[in-house]
Amino acid sequence: MDCDVVVAGAGPTGLMLACELALGGARTMVVERRAEPEKHSKAMGMQGRTVELLELRGLLDRFKEGAGVLQGGNFASLGVPMRFEEFDTRHPYVLLVPQVRTEELLAGRARELGVRIVRGAAVTGFSQDEDGVTVGTGIGPLRARYLVGCDGGGSTVREHAGIGFTGQDPHMYALIGDMRFSGELPRGEGLGPMRPVGLLNPERRSWFGAFQHQPGVYRATVAWFGEPFPDRHAPVTEEEMRAALIEHTGGDHGMHDVTWLSRLTDVSRLADAYRSGRVLLAGDAAHIHLPAGGQGLNLGVQDAVNLGWKLAATVRGQGTPELLDSYEGERRPVADGVVRNTRTQAVLIDPDPRYDALRQTFRELMTLPDTNRYIAGMLSGFDVTYGTGDHPLIGRRMPDAELLTADGPRRISDCFTGARGLLLLPEPAPADPPLAAWADRVDTLTTKGAGPEPATAYLIRPDGYVAWAGDPARHDEFHHAAATWFGPAA
C-alpha cells in the first residue's frame, strides 16, 4: 500500500480530512489536480460551529490572526440579524477568513502531521477490491485502503463510482468578482449585512450587491432570474461583467482592477450515497447548493471532522462497519437541510414583486425568538444533532465548559487536540479507570465540575459530540457506548 487513504482534492474539505486522518494514525496522501494553490477566495468566512471545531484541534489562534468577525449573520438578504448569542457558545459570530488563507493554514497543518500533498495529480479513475483501491492519477497509480472524493461538484470520484447526483437545475444566474470602482456605487435598500451596497431591480428580476473585503476592493455580484447563461462553463470576461453592470444598474461605476471573475447559479444537488465500498465522498463532491448564508465551506469541513476519526479507526482495525456507515447516516441529513434552506433563500432573493408578501412574512417571522433561533442554528451548525438518548445532551455538541481538575482550571475544548475520545467523570476519582480497556482511544479526566451537570459523566466523541451521558456508576452503559463509537475493548 502506498498509503492508508488517498484524499482527492486539496480544498478546505480535503485538507481538513487529511489532518483528521493523520491525527487518527492513518497514513494519508492528498492528490490535487491544480498545479498551484488557488489565488482567489470563493468562500469568505467560517460559521460558529466550524470555529468551535478549529478550537477543538488547537488551530483557532492561527485562523483568528488578522481575521475580522461578522456579528449577526444573514438569511436571504432580508436584513434581520441572526442571534447566534442565544446558543451556548463562546463563538457567536462568523469568522471572516478568506478561503485562500484557510487552505494555506490547513495545508501547513497537514504537512506538520506528515501528510503528503501532491499537486498536478488529478484523479482519472479507480478500481477497488476486497483489500483496497487502486487510484489512477497524474503521477501514476496509487494503492490505498480507502479513497475519499473531496474533488468538488464535478467530482471524478463520484462519477466513476456511479453515484447519482440528484437535484434541481438553476433558476438564478449571477456574475461575481473582485474589483475596484472609481465611481459612486448604487445604494438602494441593500442586501443584508454582507452586502450593504445594493440595488434591487424588480422589473428585471435582478439585483446588484457588493461589500469590501479588502481596502477599496469589492466582492461584487450581479444576479438575475429566469434567463440562463448562453454557456455556463465559459470564462467570464471583464466585458461581460461590465455589460451586466450597465444592464442591471445603469452604469459600470468606474469598474477597474478586476482580479477575479466567476459564474454562479442556484443549482443544488445531493449525492444519492456517500459511500460505495472503499470509496467515500465529502464536501462539494457530495452536495452543492447556492452559497447563501455562507454554509458551503463549513458543511464540507464539518463533513471532514465527522468522517476523519471514523475512517482512521477503521484503518486501525478498531472501527466497526456500523461506525463508518454512520458517516452518511449523520451527515447526509445535514446536507439535505442546507440544500433545502438555500433553495428557500433562492426564492426569497428573487426580487420579483410577486414574492414581496413572502419576504415580508419571513422578515416578521425572523423577529420571533424561536424562528430566529431555528434559522440561526441551521446557518451556524450549532443545531446539528446526531441521535438522541435519555440525557438531553446525547447526540449534541458538548458545551465548552470550564472544568476544575487536579491540575487547575481547564476548558473542555482543550481536551481534543489529538482527536481522541474523552470520558469526563465527577470526583472522587475511581481506583480503576472505567474505560481502561479503551485507554488507547479515549482519555479519562476526573473533575470537580464535569460539564454542565457536575454529578454526571460524559463520554464525548473526537468531534465534540456527546455519545453518552448519565450516572457515573452505570459502567455498563458507557462501556456499551464506548464499544459502539470506539470499537471493541483492547
Side-chain angles (χ1 to χ4, degrees), residues 20-21 23-26 53 56-58 305-327 330 385-490:
E20 294 291 291
L21 289 166
L23 284 171
L53 293 173
L56 289 184
R57 297 298 183 257
V305 176
N306 184 286
L307 174 60
W309 63 277
K310 297 174 180 178
L311 184 53
T314 302
V315 167
R316 295 195 309 265
Q318 295 174 326
T320 64
E322 292 77 17
L323 178 66
L324 194 53
D325 286 341
S326 74
Y327 164 61
E330 291 182 343
T385 59
Y386 300 138
T388 58
D390 294 336
H391 190 279
L393 273 180
I394 292 175
R396 298 182 178 272
R397 42 187 272 283
M398 183 71 177
D400 189 16
E402 186 174 86
L403 308 174
L404 298 177
T405 74
D407 298 321
R410 186 178 183 185
R411 299 208 73 89
I412 288 177
S413 58
D414 296 333
C415 302
F416 291 92
T417 55
R420 291 166 55 86
L422 178 68
L423 175 63
L424 287 179
L425 290 174
E427 287 189 337
D432 297 312
L435 290 189
W438 286 269
D440 58 335
R441 289 154 271 173
V442 181
D443 297 320
T444 297
L445 184 63
T446 303
T447 79
K448 298 177 182 178
E453 300 173 17
T456 300
Y458 300 88
L459 179 63
I460 309 171
R461 305 175 355 169
D463 54 3
Y465 289 85
V466 178
W468 177 86
D471 185 343
R474 303 179 74 166
H475 288 195
D476 57 332
E477 290 189 8
F478 54 80
H479 283 177
H480 175 74
T484 298
W485 293 106
F486 300 99

Which heavy atom of [X] sits nearest to which heavy atom of [Y], and what is that distance?
| X | Y | value |
| --- | --- | --- |
| P472 | L425 | CB-CD2, 4.3 Å |
| G24 | R316 | O-NH1, 2.8 Å |
| T456 | P426 | O-CD, 3.8 Å |
| F486 | P462 | CE2-CD, 3.7 Å |
| W485 | A467 | CD1-CB, 3.6 Å |
| A26 | V315 | CB-CG1, 4.3 Å |

Once you round to the nearest 0.5 Å, how far does [atom1] of [X] lie from [atom2] of [Y]?
| X | Y | atom1 | atom2 | result |
| --- | --- | --- | --- | --- |
| C415 | D443 | SG | CG | 8.0 Å |
| L53 | S413 | CG | OG | 11.0 Å |
| L403 | I412 | CG | CD1 | 4.5 Å |
| R420 | L23 | CZ | CG | 11.5 Å |
| R441 | L422 | CZ | CG | 15.0 Å |
| D471 | H391 | CG | NE2 | 11.0 Å |

I want to check something: taking the side chain as every heavy atom from C-beta on, are [X] and [Y] in contact at a cut-off of under 4.5 Å?
| X | Y | result |
| --- | --- | --- |
| L423 | W438 | no |
| R461 | N306 | yes |
| Y465 | E330 | no |
| L459 | L424 | no |
| L323 | W309 | yes |
| T446 | E427 | yes |
| D476 | H480 | no |
| R397 | T385 | no |

Contacts of type salt bridge (charged side-chain N to carboxylate O under 4.0 Å, His left out), residue [X], not counting sequence neighbours:
| X | answer |
| --- | --- |
| D400 | R90, R411 |
| E477 | R474 |
| R57 | E20 |

Exercise for the section: Step by step, work out the side-chain contact (heavy atoms from CB on, under 4.5 Å) result for L445 and R410. Expected result: CA-CA 10 Å; L445 184 63; R410 186 178 183 185; 4.1 Å; yes

Handout entry: Exceeds 12 heavy-atom contacts within 6.0 angstrom, atom CG of D390
Key =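 No - once you tally the heavy atoms of other residues, nucleotides and ligands closer than 6.0 Å, there are 12 at most.
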
Practice task
Applying side chain to side chain contact (heavy atoms under 4.5 Å, CB included) between L307 and each of L21, D463, L324, report the one that passes.
Solution key: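 Answer to the side chain to side chain contact (heavy atoms under 4.5 Å, CB included) test with L307 among L21, D463, L324: L324.
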
Exercise for the section: Any chance you could lay out the side-chain contact (heavy atoms from CB on, under 4.5 Å) test for F416 and I460, step after step, and finish with the verdict? Expected result: CA-CA 10 Å; F416 291 92; I460 309 171; 3.5 Å; yes

